[in-house]
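Heavy-atom basis, side chains included; hydrogens, waters and symmetry copies ignored. Letters go in sequence order (proteins before strands), and every chain restarts at 1. Since this is a predicted model, take the numbers as computed values, not measurements.
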There are 2 protein chains.
Amino acid sequence: MVGEAKSRLNAALRDRGYRVTLQRSIIMETLEGLAGHVSVEDIYARVRERFPQVNISTVYRTLELMEEAGLAVHTHFDDGVAKWHRAEEGAHQHLVCRRCGQELELDLDVVEPLAEQLRARYGFQPDIAHFAIVGVCRSCSERAQ
Amino acid sequence: MVGEAKSRLNAALRDRGYRVTLQRSIIMETLEGLAGHVSVEDIYARVRERFPQVNISTVYRTLELMEEAGLAVHTHFDDGVAKWHRAEEGAHQHLVCRRCGQELELDLDVVEPLAEQLRARYGFQPDIAHFAIVGVCRSCSERAQ
DNA sequence: GAGCTTATTGCAAGCCTTTGCGAAAACTTG
DNA sequence: CAAGTTTTCGCAAAGGCTTGCAATAAGCTC
C-alpha cells in the first residue's frame, strides 16, 4: 500500500516529464499521509524526520508541483498562512472569523452561483476557494452587542 | 482645503482617543490624496518626500488605524501584496487573472447574494471584498486552447 | 555503466508584513 | 509651563514565502 502510493506519485511526476527525486517522493508521500489542512511547516517537520537535510524551499517547490499536477490544493487564510490538503479531499470554501479565528468549512454549492455569474458575465474562470472568506462569526457578532 | 482635510483627519484620531502626531497626519493626508489602489510602498515613498525619517512600520500601523476608523480599506491580491484605498471610494470586488495578472473591478452587487446566503445560513458577516477572487480571465483561457 | 545534458537542490538573500522593546513625543494635571 | 503618565515611534528581528545561483544528481545515450 505504501509502495503503491509511492509508485503512483512517482508516475505522476514522470508522466509530466519531471524527475523523480528522493526529496519529492518523501514530500509527496508525506502530504498524502496527512488528513485535513496542514501548513508548510507541518509538512516540513514530518519530512525532516525521514530526510533531515532537505530544505524548506524544496518543500515549497514540490507542493507547487503537486498543485500543478492536480494532487494538492492550497488555500490562504486570513493570517496570510497557506494551508495545504490533498486534492482528493475535495474543494471547499472556508469562512474565517477575524475575531476568534474560528474556521467553518463550506460546501462549494454555496459559492457555485457566484462562480457561475463570473463565468457567464465576465468569462472569468474563478478559483473561489483559493482564499478563505473573512468576516465575523455568529457568536462573535452576538458577543459584540 | 488642505487644512480642512487635515483637521478632519486629526479629529478622527482625537475622537477615538488616539494621539495626533506628525507622522500620522502626513500618512493620512497622503492616502487621502491618492486615488485608486496603492501599495504600502507607494504610500511610504510619498510620505518620505515630506518626512524622510519616518519608518515604514509606522505607515503600516497608521493604515491599520485608518481602517479601524473607517477611513481606509485594504484588499489582498494574489501576489500577496495588500493594496489600500480611501474608504470613500467604496467597496468593490476584484478579479485577478493568475496567468496575466489583469485585474477586473466588480460591483459588489455581484457578490451580494453570496454574502446574503452566508449571513442567513451561517450567521456569518462576511467581508467578501477583503480578498480578490483569483482565476483565469477570458482572454487567457481562450489563448490556452 | 561511463559520460553528457539538463533539471533539481540547498543555500543565501530578499520581499512584505508584523512585533517586542526602549527611547521619544503627546497629552494631562497642577 | 514643568512634571508625570501613557501612547507612539524607530529600530531590529522574525515569520512566511520566493528566487538567483552554483553545486549536485537524475535520466538519456552509447
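Closest to the B:T58 side chain, of the nucleotides D:dC9, D:dT18, C:dG10, is D:dC9. Of the candidates D:dT8, C:dC11, D:dG16, the closest approach to any side-chain atom of B:Y18 belongs to D:dT8. Nearest nucleotide to the side chain of B:V40, out of D:dC21, D:dG10, C:dT17: C:dT17. Side-chain proximity of B:Y60 to the nucleotides D:dG10, D:dT18, C:dC16 is greatest for C:dC16. Among the nucleotides D:dT8, C:dT5, C:dT9, the one closest to the side chain of A:Q23 is C:dT9. Of the listed nucleotides (C:dC27, C:dT8, C:dT18), C:dT8 has the atom at the smallest distance from the side chain of A:T21.
Remark: P of C:dC16 and CD of B:E64 are 18 Å apart, rounded to the nearest angstrom. As rounded to whole Å, 16 Å separates atom P of D:dG16 from atom CH2 of A:W84. Between the P atom of C:dT17 and the CD atom of B:E41 lies a distance of 9 Å, rounded to the nearest Å. Rounded to whole Å, atom P of D:dC9 lies 14 Å from atom OH of B:Y44. Whole-Å rounding puts the A:L63 CG to D:dT18 P distance at 10 Å. The distance from atom CG of B:L65 to atom C1' of C:dT17 is 17 Å, rounded to the nearest whole Å. Note: CZ (B:R24) to P (D:dT8) measures 4 Å, nearest angstrom. Look at CZ on A:R61: it is 8 Å from C1' on C:dG10, rounded to the nearest Å.
Residue pairs meeting the side chain to side chain donor-acceptor pair (under 3.5 Å) criterion with at least one member in residues 61-73 of chain A, sequence neighbours excluded, are A:Y18-A:E68, A:S57-A:R61, A:E67-A:H74.
Contact annotation: side chain of A:R14 to base of D:dG27, donor-acceptor pair absent below 3.5 Å. Between the side chain of B:R19 and the base of D:dT6, at least one donor-acceptor pair of N or O atoms lies under 3.5 Å.
If B:L22 and B:H76 are placed on DNA chain C by their nearest nucleotide, the residue sitting closer to the 5' end is B:H76.
A:S7 and A:N10 form no side-chain donor-acceptor contact under 3.5 Å, judged by distance and modelled atom types alone.
Side-chain nitrogen and oxygen atoms of A:N55 include at least one within less than 4.0 Å of the OP1 or OP2 phosphate oxygen of C:dC11.
When atom types are taken as modelled, the side chain of B:E89 and the backbone of B:G36 share a donor-acceptor pair closer than 3.5 angstrom. Put simply, the side chain of B:Q93 gets close to the backbone of B:F131: a donor and an acceptor are under 3.5 Å apart.
Using a 4.0 Å heavy-atom distance criterion, A:S57 is classed as a base contact.
Side-chain atoms of A:H94 and A:T75, non-hydrogen and from C-beta on, do get closer than 4.5 Å to each other.
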